[in-house]
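The structure under discussion appears below in the form of C-alpha cells.
Every number for a ligand or one of its atoms is a count from 1 in the order of the listing. Index from 1, following the sequence.
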Amino acid sequence: MAITTPGTRPANPRFSSGPCAKPPTWTLDALADAPLGRSHRAAVGKDKLKAAIETTREVLGVPADYKIGIVPASDTGAYEMAMWSMLGERPAQMVAWESFGAGWVTDAVKQLKIEAETITAEYGEIVDFTTLDFDKDVCFTWNGTTSGVRLPNGDAIPADRAGLTLCDATSAAFAMDLPWDKLDVTTFSWQKVLGGEAAHGILILSPRAVERLESYTPAWPLPKIFRLTKGGKLIDGIFTGATINTPSMLCVEDYLFALDWAKSVGGLKGLIARADANAKAVWDFCDANDWIDNLAVDPATRSNTSVCLKFTDARITDGAAFAKAVAKRLEAEGIALDIGAYRDAPAGLRIWCGGTVETSDIEAMLPWLAWAFETEIEAQKAAA
Ligand SMILES: Cc1ncc(COP(=O)(O)O)c(C=O)c1O
C-alpha cells in the first residue's frame, strides 16, 4: 500500500511534557536583563524575585491572603517540603491515579510512615472525590501528567473541611482553572506549562496551611532546605523573594519572560484557550481514526496539557514496541520530539498541548502521526 508523506511539517517539533516548549516568542537574547554575577539578596535580585511572585499571583488569580514562595528542587522540592512540614498532624488520605501521585503515596506511607489510607485508580481512570474524607489531610495531583487524566473541578472538596488539601498542580497551573478556595497547598515547577527552566519550585499556601505550619511541629527532623518556620512563625521572607538558598537569576529572568508572554496572550484565560485548542485538535484526530484513542476513559477528565494516547489496532502484536517505533520514526523525521509515553505508564504516546505549543504545529504533526502509524504497520507485516 502506498503511504502518502504529508506535505507540511510543524515549525516547532517540541511536544515534550517537561521541560516543555518555550513560549513561541522566546529567544536567549530576551534574558539579557538578568542580573548575572550579582547577589540575589541585592536590591536588583530581590526585585526580580518579588516580581516573579507578584506576577504569578496576578496571572493565576491567587487570592491576596495566600502566600507564594520560590523554593528549591522544582515541583518535587515544593511538594515534599509541604508534606514533610505539614503532614502527621492528623490522618491523611493519599490519592493517586498515575506515577507522580503514586510517588507522593510512597513518601507518606514508606518514608514519613504517617497514618494514611491509600486510594488509587488505574491509568486512564480517576478517583471519585465525593468518596474522600476532607476532615483528613488529602494529597493528590490535579493533572496526572503520565496518564493524561485530570480533575475536572474541585466541586467535591468542601469549603468547610477540617483537613488540608495538598495539590501537586505542576502540569495544571497556567492551563486549567484551579479553585483556590479548595486548595491549601499548591505546587508547580517553572519547567512545565510556561516552558520555563527546571530546578525552581513554586509553593502556594492558604491561610489555613500557614496556620498548620505555625501550630504544628512534625515529629521528624527537617533539613534547612525544607524549613518554612522559625520559632513557630512562618519565615515571611521566603514569600517575598528572600529565598532559602541561592536561586538562578537566569532562570528567574526566563520565568519573568514567560509570565510576560502569558499576559500578552490574554493571561490565564488565553493560556487555557490555547491548551484547549491544542488538545481538541488531538481529540478530533482520535475521533477520526479508529486505531488510536485517549487513555482517559471519561472525556470529562481528559487532560488539555499531557494528552496521553493508546493504539487500539488489533493488528499490533507488541504494543510497547509499536508505540516506541512510532515515536522513534517521528523523532527521526524531526516532526515530534519526546512523545513516547512515560516509562511507568501504559504503552502509547504523550503529546504536550500546553499553551506554549502552537495549534498549527499540532495540526501539522498529526498527519505525520498517521503516516508513522501506517508505515509501522507495514514494517511489522514485512517483519512477520
Ligand atoms: C505531576 C508531576 N509531579 C511532579 C513532577 C516532578 O517535577 P519536577 O521534576 O519539576 O520536580 C512532574 C514532572 O513531570 C509531574 O508531572
Hey, is Thr76 touching ligand 1 through its side chain, its backbone, both or neither, going by heavy atoms under 4.0 Å? both
Using a heavy-atom cut-off of under 4.0 Å, does the side chain or the backbone of Thr141 touch ligand 1, or both, or neither? side chain
Any idea which protein heavy atom is nearest [atom], and the distance to it?
atom	result
atom 16 (O) of ligand 1	Thr145 OG1, 2.4 Å
atom 4 (C) of ligand 1	Asp75 OD2, 3.0 Å
atom 9 (O) of ligand 1	Gln191 NE2, 3.7 Å
atom 10 (O) of ligand 1	Ser74 OG, 2.6 Å

Does the ring centre of Phe15 sit less than 6.0 Å away from the ring centre of Trp352? no
Check the hydrophobic clustering (I, L, V, M, F, W, Y; side-chain heavy atoms under 4.5 Å; chains of links allowed) and say if Phe100 and Phe129 are grouped together. no
Applying the ring pair (Phe, Tyr, Trp, His ring centres under 6.0 Å) criterion to Phe373, which one of Phe285, Trp368, Phe322 satisfies it? Phe322
Show the atoms of ligand 1 that are less than 4.0 angstrom away from any heavy atom in Ser189.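 Answer for ligand 1: 10 (O).
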Polar-atom distance check: [X] versus ligand 1, any N or O pair below 3.5 Å?
X	value
Asp168	yes
Asn143	no
Trp104	no

Measure the distances from the heavy atoms of Lys192 to every atom of ligand 1 and state whether one is below 4.0 angstrom. yes
Between Asp168 and Trp104, is any side-chain donor less than 3.5 angstrom from a side-chain acceptor?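 Checked: Asp168/Trp104 side chains pair up, N/O donor to acceptor below 3.5 Å.
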Chi angles and distances behind the salt bridge (Lys or Arg N to Asp or Glu O under 4.0 Å) call for Arg57, Glu54: CA-CA 5 Å; Arg57 187 184 303 282; Glu54 287 318 315; 3.1 Å; yes
Output yes when a side-chain donor or acceptor of Glu98 lies under 3.5 Å from a complementary backbone atom of Gly101, and no otherwise.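 Pair found, side chain donor or acceptor close to backbone of Gly101.
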Go through Lys22 and Asp254 one step at a time and tell me if the salt bridge (Lys or Arg N to Asp or Glu O under 4.0 Å) criterion holds. CA-CA 10 Å; Lys22 292 280 188 205; Asp254 183 76; 2.9 Å; yes
Salt bridge (Lys or Arg N to Asp or Glu O under 4.0 Å) between Asp137 and Arg212, worked out: CA-CA 11 Å; Asp137 291 335; Arg212 169 74 61 86; 2.8 Å; yes
